[in-house]
Amino acid sequence: MAHGAKGSALSHLECPKCHARSNADVVAQLCACGSPLLARYDLERVASSTSRDEIDARTDTLWRWSELLPVRDTANRVSLGERATPIVALTGYGARAGIVSLAVKDEGTLPTGSFKARGAAIGISRARELGVRAFALPTNGNAGAAWSAYGRRAGMEAFFAMPKSAPPIHRFECQAVGAHVTLVDGLISDAGKLVAQWVRERGLYDASTLKEPYRIEGKKTLGFEIVQQNGWSVPDVILYPTGGGVGLIGIDKALAELRALGWIGERKPRMVVVQASGCAPIVRAWEAKERASIMWEGARTAAFGINVPKALGDFLVLEAVYSSDGFAIAVDDKAIVAARDAVASDDGMLLGLEGAATIAAAKVLRASGWIAAGERVLAINTGSAFKGWMTPQGPLD
Ligand SMILES: *Cc1c(COP(=O)(O)O)cnc(C)c1O
Ligand SMILES: [Zn+2]
């Protein structure tokens, strides 16, 4: 194989709640106890057969991490050309906010315009490997756009439930590649109930966030990339716009695997959950020092990708924040739009609203002294600016 990439070191699935182990080579959904399952690897084998230099020498796609991904046979890989995404310094906005080293990792450059492509590339590839032919999931839009595109390439049939209020561009993206989209009068949680019913009645593969173990394995590559692009070191602070939280859990899992391999030191970046003040269940739980969140009633924000009132993996997100001495913060839609406009004006970069939320949060945390002036701060722009530009009513005010 090109550049010496080696096969997957996937060994088994493990439940982070009840610690049960299970076979990774059959279709799996949740653990019997109701918790998401996580993929585990034979890290000793990886450490003894692969090196950081070897990874550096490979082409910069997410498949360069093949040993630490679940897809065993290269013939099952489904790809739309997902390359490593750029880290862009925000020197103008950073100087004004008092953060010397502020940068954005721009996930809007991925196929289908958001970091959901990482989860879909690996989730679909592994589903194909395990013989899945049709799947369903609830989506606010970007997950649907990504899973429909990769699903089509794999020849699968896709069924989505999507809130009516989701930006219409997402519906068009899904339908353009042949997915079945059902609009739901309600939130993503209501869409989730409909999907659960389809899964029960039609025996579809449930590709909902964390209800299958491999989407997170794709999102994990975001964490690998951050480290590799930083010369195999971690920033001081990572800000993540948190909906279901899979990206944040993925980064945390990636860093844990790299620490176990001895490829990075023990120091952790402080992980910051950023939510919109109109939908901030994880922030509320963190402020009350809880281990899990409760449903946020009346959730509403223009940053649609993070309009998730209750996340299945909330306990893993909170654990990642607590164990890294991190923070959880909510910013309102006005501050989000103002941050988007400020970065556009200061640095010529147009962020998605979710990414802009992390920039607004960085400024608040710097002003409060929680972020120090010289710290290396990395914000994640999870999706392209164009995705959230239009609401059903027209351009955002
Ligand atoms: C899905 C999504 C998020 C939230 O991602 P999670 O990892 O599920 O928290 C943030 N931003 C955008 C643009 C998204 O599409
Ligand atoms: Zn369990």
Side-chain angles (χ1 to χ4, degrees), residues 13-22 28-38 85 105-110 112-120 123 137-147 162 166-167 169-170 173 188 192 208-211 213 215-216 218-223 238-253 271-276 279-283 293 301-318 320-321 328 336 340 351-358 379-389:
L13 298 175
E14 187 182 54
C15 174
K17 240 179 202 160
C18 75
H19 305 288
R21 283 169 158 244
S22 53
Q29 307 262 220
L30 293 173
C31 178
C33 81
S35 165
L37 290 169
L38 297 176
T85 61
K105 188 157 171 65
D106 189 10
E107 298 282 290
T109 65
L110 284 163
T112 72
S114 85
F115 85 116
K116 296 290 198 296
R118 296 183 187 273
L137 55 79
T139 173
N140 270 339
N142 280 327
W147 283 74
M162 188 186 289
I169 182 174
H170 298 301
E173 286 179 281
I188 182 103
S208 309
T209 301
L210 290 172
K211 289 196 181 168
R215 178 199 292 222
I216 183 177
K219 292 194 172 181
K220 183 178 82 174
T221 60
L222 171 55
I238 296 176
L239 299 119
Y240 187 81
T242 306
V246 192
L248 191 144
I249 303 167
I251 293 171
D252 188 62
K253 186 171 190 283
M271 304 294 294
V272 180
V273 160
V274 180
Q275 297 197 296
C279 179
I282 295 181
V283 174
S293 68
T301 168
F304 224 83
I306 53 175
N307 201 27
V308 180
K310 165 75 178 136
L312 190 57
D314 55 358
F315 70 102
L316 295 169
V317 174
L318 285 159
V321 175
I336 293 174
R340 180 194 66 191
L351 299 172
L353 289 172
E354 297 81 4
T358 64
I380 312 296
N381 183 47
T382 37
S384 158
F386 308 127
K387 291 299 193 94
W389 196 256

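Worth saying up front: this structure is predicted, and the values here are computed from it rather than measured. Every number for a ligand or one of its atoms is a count from 1 in the order of the listing.
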> Below 4.0 angstrom from a heavy atom of G247, which ligand 1 atoms are there? Numbered from 1 as shown, please.
7 (O)

> Would you call K310 and P281 a side-chain contact if the rule is heavy atoms closer than 4.5 Å?
no

> Using a 4.0 Å cutoff against the non-hydrogen atoms of N142, which atoms of ligand 1 qualify?
13 (C), 14 (C), 15 (O)

> On a heavy-atom basis, I'd like to know which of K116, K219, R215 is closest to atom 2 (C) of ligand 1.
K116

> Considering only the protein, which heavy-atom contact is closest to atom 3 (C) of ligand 1, and what is its distance?
G305 O, 3.3 Å

> Hey, does Y240 come in under 3.5 Å of ligand 1, counting only N/O atoms on both sides?
yes

> Tell me the protein heavy atom at minimum distance from atom 10 (C) of ligand 1, and give that distance in Å.
T382 OG1, 3.4 Å

> Check whether any side-chain N or O of D314 sits under 3.5 Å from a backbone N or O of S293 as a donor-acceptor pair, and report yes or no.
yes

> For ligand 1, which part of I306 has a heavy atom less than 4.0 Å away: the side chain, the backbone, both, or neither?
side chain

> Would you say the side chains of E107 and T85 form a donor-acceptor pair under 3.5 Å?
yes

> Which ligand 1 atoms are under 4.0 Å away from a heavy-atom of T242?
9 (O)

> Decide yes or no for F315 and K17: does some side-chain heavy atom of the first lie under 4.5 Å from some side-chain heavy atom of the second?
yes

> Which angle, to 10 degrees, forms at the Zn ion (ligand 2) with SG of C33 on one side and SG of C31 on the other?
110°

> Just by distance, do the side chain of N381 and the backbone of G352 share a donor-acceptor pair under 3.5 Å?
yes

> Within the structure, is a non-hydrogen atom of F304 found at a distance of less than 4.0 Å from ligand 1?
no

> Indicate yes or no for a side-chain donor-acceptor contact from N140 to the backbone of F304 under 3.5 Å, with no hydrogens or angles considered.
yes

> Would you mind listing which atoms of ligand 1 come within a distance below 4.0 Å of any non-hydrogen atom of G244?
6 (P), 8 (O), 9 (O)

> What is the closest protein heavy atom to atom 6 (P) of ligand 1, and at what distance does it sit?
G245 N, 3.3 Å

> For the atom pair CZ (R118) and CZ (R215), what is the distance rounded to the nearest 0.5 Å?
14.5 Å

> Polar-atom distance check: G243 versus ligand 1, any N or O pair below 3.5 Å?
yes

> Answer with yes or no whether G352 contacts ligand 1, where contact means a heavy atom under 4.0 Å from a ligand atom.
no

> Are K387 and E354 close enough for a salt bridge, meaning some N to O gap below 4.0 Å?
no

> Taking atom CD1 of I169 and atom CD of E173, what is their separation to the nearest 0.5 Å?
5.0 Å

